[in-house]
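Following: one structure in structure tokens, then a few remarks.
Computed over heavy atoms, backbone and side chain alike; hydrogens, waters and symmetry mates excluded. In this chain, numbering begins with 1 at the start of the sequence shown.
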Amino acid sequence: MAHSLNTAPSPAGGPNQPKLDTDDIWQARVDLAACFRMAARLGMEEGICNHFSAVVPGYDDLFIVNPYGYAFAELTASMLLICDFHGNVVSGSGQPEATAFYIHARIHKNVPRAKAAFHTHMPYATALSMTEGDPLIFAGQTALKFYGRTAVDRNYNGLALDAREGDRIAAAIGDADIVFMKHHGVMVCAPNIAEAWDDLYYLERACEVQTLALSTGREVLAVAPEIAEAAYRQMREGDPESARLHLESVKRALDRSEPEYKR
């Protein structure tokens, strides 16, 4: 299912090469590696096919992404690649998976507010992307975190193996943070890695309980719009700090059980 990316070799290093050994960039690598590991632990990945990316701190034309051929559970901070928008690997060994490059490069280029972009085929959110109508019903409290923040890309076009498909997906995001990609999976866009992880985690939880509710065969009752809007605003007030603390808790858990993620 995954595809290798065939690009010309990266140009040789020179005096204008970016400085990629800063503390901020290493921390971004560690944070992203932690997200990969916890996503694997929670069953939110699919083989070697899914991908997370983040814009490199200090370089808006470079992004960090996982290398082709590795499962999320294998990844460490130093294994992650830094790529430019032309497919050149500026730092790291290997290449990004083809759809990872064509989707994520175009999102980071065309949607600059998306400093982090997490794409998965996590089971409950993906299952709802396959159903008739809008995938998410704003019926459970957790779902209200996403009230007014979702879009649906209804035009499944097959694999994203060229820039045109990446551009189409980027355009489908619009003003949304969460995109349900019909017949495919989800994309979470956020201003930083912590908020992307937080949204990804709670989105799957919201989709899981909705799926359970639908399985009863009884009608799922949406929250009244005015209450949904008020609850959404309450949740979003503290979201950045809550997301930061959530990611810190993930790293503490990994420090105890698989500390190699930060190597």
Check your understanding: Can you name the nearest heavy-atom pair linking F180 to T150, along with the distance?
Key -> CE1-CG2, 4.4 Å
**Study point:** Polar side-chain atom of Q210 near backbone of P135 as donor-acceptor pair, under 3.5 Å
**Key:** yes
Review point. Does a side-chain heavy-atom distance below 4.5 Å link L62 with V55?
Key: no
Check your understanding: Side chains of V90 and P18: does their closest heavy-atom pair fall under 4.5 Å?
Key -> yes
Point to revise | Check against side-chain contact (heavy atoms from CB on, under 4.5 Å), F146 and D199 | key: CA-CA 8 Å; F146 306 105; D199 276 350; 3.6 Å; yes
Check your understanding: Hey, is the main chain of A253 close enough, under 3.5 Å, to the side chain of S257 for a donor-acceptor pair?
Key -> yes
Review point. Using 4.0 Å as the upper bound for N to carboxylate O, is an ion pair formed by R205 and E208?
Key: yes
Exercise for review: Answer whether the closest heavy-atom distance between the side chains of R37 and T76 falls below 4.5 Å.
Suggested key: yes
**Study point:** Whether over 12 other heavy atoms sit under 6.0 Å from Q141 CD
**Key:** no
Check your understanding: About how many Å separate CE of M122 and NE2 of H119, when rounded to the nearest 0.5 Å?
Key -> 10.5 Å
**Study point:** Any donor-acceptor pair under 3.5 Å from Q95 side chain to V89 backbone
**Key:** no
Review point. Judged by atom type as modelled, is there a donor-acceptor pair below 3.5 Å linking the side chain of E97 to the main-chain atoms of A100?
Key: yes
Practice item. Return the minimal non-hydrogen interatomic distance between S129 and G185, and the atom names on each side. Key: OG-N, 4.1 Å
**Study point:** Aromatic contact, F138 with Y232 (centres under 6.0 Å)
**Key:** no
Exercise for review: Could you tell me whether the side chain of Y70 reaches within less than 4.5 Å of the side chain of I48, counting heavy atoms only?
Suggested key: no
Review point. Distance from N155 atom CG to H184 atom NE2, nearest 0.5 Å?
Key: 14.0 Å
Review point. Out of L203, L136, V179, which one pairs with V186 under the side-chain contact (heavy atoms from CB on, under 4.5 Å) rule?
Key: L203
Review point. Got a second to check how far Y102's OH is from I107's CD1, nearest 0.5 Å?
Key: 15.0 Å
Revision key, fill the gap. What one should report as the nearest heavy-atom pair of A77 and A33 is N-CB, 3.6 Å
**Study point:** Linked, directly or transitively: M44 and M38 (ILVMFWY side chains, under 4.5 Å)
**Key:** yes
Check your understanding: L200, V30: one ILVMFWY side-chain cluster at the under-4.5 Å cut-off?
Key -> yes
Check your understanding: Between K251 and D31, is there a salt bridge with N-O shorter than 4.0 Å?
Key -> yes
Review point. Do N88 and C83 touch side chain to side chain, with heavy atoms closer than 4.5 Å?
Key: no
Check your understanding: Is any side-chain N of the basic residue among R244 and D198 closer than 4.0 Å to the acidic one's carboxylate O?
Key -> no
Check your understanding: Is there a side-chain contact between I82 and I25, using heavy atoms and a 4.5 Å cut-off?
Key -> yes
Review point. With a 4.5 Å limit on heavy-atom distance, are the side chains of W197 and Y202 in contact?
Key: no
Practice item. Using distance alone, with no hydrogens and no angle criterion, decide if S53 and H108 have a side-chain donor and acceptor under 3.5 Å apart. Key: yes
Exercise for review: Measure from the side-chain N and O atoms of D23 to the backbone N and O of W26, and report whether any donor-acceptor pair falls under 3.5 Å.
Suggested key: no
Practice item. Return yes when atom CZ of R233 has more than 12 non-hydrogen atoms of other residues, nucleotides or ligands closer than 6.0 Å, and no otherwise. Key: no
Point to revise | Donor-acceptor under 3.5 Å (S242 side chain, D239 main chain) | key: no
Review point. Is it true that I193 and I173 fall in one hydrophobic cluster, defined by side-chain heavy atoms closer than 4.5 Å?
Key: no
Review point. What distance do L128 atom CG and C207 atom SG have between them, rounded to the nearest 0.5 Å?
Key: 5.0 Å
Check your understanding: Any chance the side chains of Q27 and D24 put a donor and an acceptor closer than 3.5 Å?
Key -> no
Check your understanding: How long is the gap from CG on L247 to CG on L32, to the nearest 0.5 Å?
Key -> 9.5 Å
Point to revise | Side-chain touch F52/T120, heavy atoms, less than 4.5 angstrom | key: yes
Exercise for review: Starting from the C-alpha separation in whole Å, work towards a yes-or-no answer on side-chain contact (heavy atoms from CB on, under 4.5 Å) for F63 and D84.
Suggested key: CA-CA 6 Å; F63 64 101; D84 65 18; over 6 Å; no
Review point. If every non-hydrogen atom of S93 is compared with every non-hydrogen atom of L81, which pair is closest and at what distance?
Key: O-CD2, 3.4 Å
Practice item. Please work out whether the ring planes of H51 and H104 are parallel, tilted or perpendicular, with thresholds of 30° and 60°. Key: perpendicular
Exercise for review: Run the salt-bridge test on R149 and D175 with the 4.0 Å N-O cut-off and return the result as yes or no.
Suggested key: no
Practice item. Might you point out which heavy atoms bring I64 and A28 nearest each other, and give the distance in Å? Key: CD1-CB, 3.9 Å
Check your understanding: Between T126 (side chain) and H121 (backbone), is there a donor-acceptor pair under 3.5 Å?
Key -> yes
Practice item. Answer yes or no: is there an ion pair linking R168 with D153, defined by an N-O contact shorter than 4.0 Å? Key: yes
Exercise for review: Start with the C-alpha gap between K109 and D60, add the side-chain angles, then the distance that decides, and say whether salt bridge (charged side-chain N to carboxylate O under 4.0 Å, His left out) holds.
Suggested key: CA-CA 8 Å; K109 185 176 189 299; D60 287 343; over 6 Å; no
Exercise for review: Could you grab the distance from atom NZ of K182 to atom CG of N157, nearest 0.5 Å is fine?
Suggested key: 15.5 Å
Practice item. Flag the pair E165 and R106 as a salt bridge only when some basic side-chain nitrogen lies within less than 4.0 angstrom of an acidic carboxylate oxygen. Key: no
Check your understanding: Where the side chain of E45 meets the backbone of A71, is there a donor-acceptor pair that is under 3.5 Å apart?
Key -> no
Practice item. Starting from the C-alpha separation in whole Å, work towards a yes-or-no answer on side-chain contact (heavy atoms from CB on, under 4.5 Å) for Y156 and M130. Key: CA-CA 11 Å; Y156 177 68; M130 297 159 55; over 6 Å; no
Check your understanding: Are D255 and Y261 linked by a side-chain donor-acceptor pair shorter than 3.5 Å?
Key -> yes
Practice item. Could you go through the side-chain contact (heavy atoms from CB on, under 4.5 Å) check for F72 and N50 one step at a time? Key: CA-CA 8 Å; F72 282 12; N50 295 172; 3.6 Å; yes
Check your understanding: Same cluster or not: are L214 and V209 linked, directly or through other Ile, Leu, Val, Met, Phe, Trp or Tyr residues, by side-chain heavy atoms under 4.5 angstrom apart?
Key -> no
Point to revise | For the student: nearest non-hydrogen atoms of A196 and A190, plus distance | key: N-CB, 3.4 Å
Practice item. Indicate if L42 and F36 have the same hydrophobic cluster label, given that clusters are the connected sets of ILVMFWY residues with side-chain heavy-atom separations under 4.5 angstrom. Key: yes
Point to revise | Counterpart residues, side chain to side chain contact (heavy atoms under 4.5 Å, CB included), relative to S249 (two or more places apart) | key: H246, R252
Practice item. Could you tell me whether R113 atom CZ has more than 12 heavy atoms of other residues or ligands within 6.0 Å of it? Key: yes
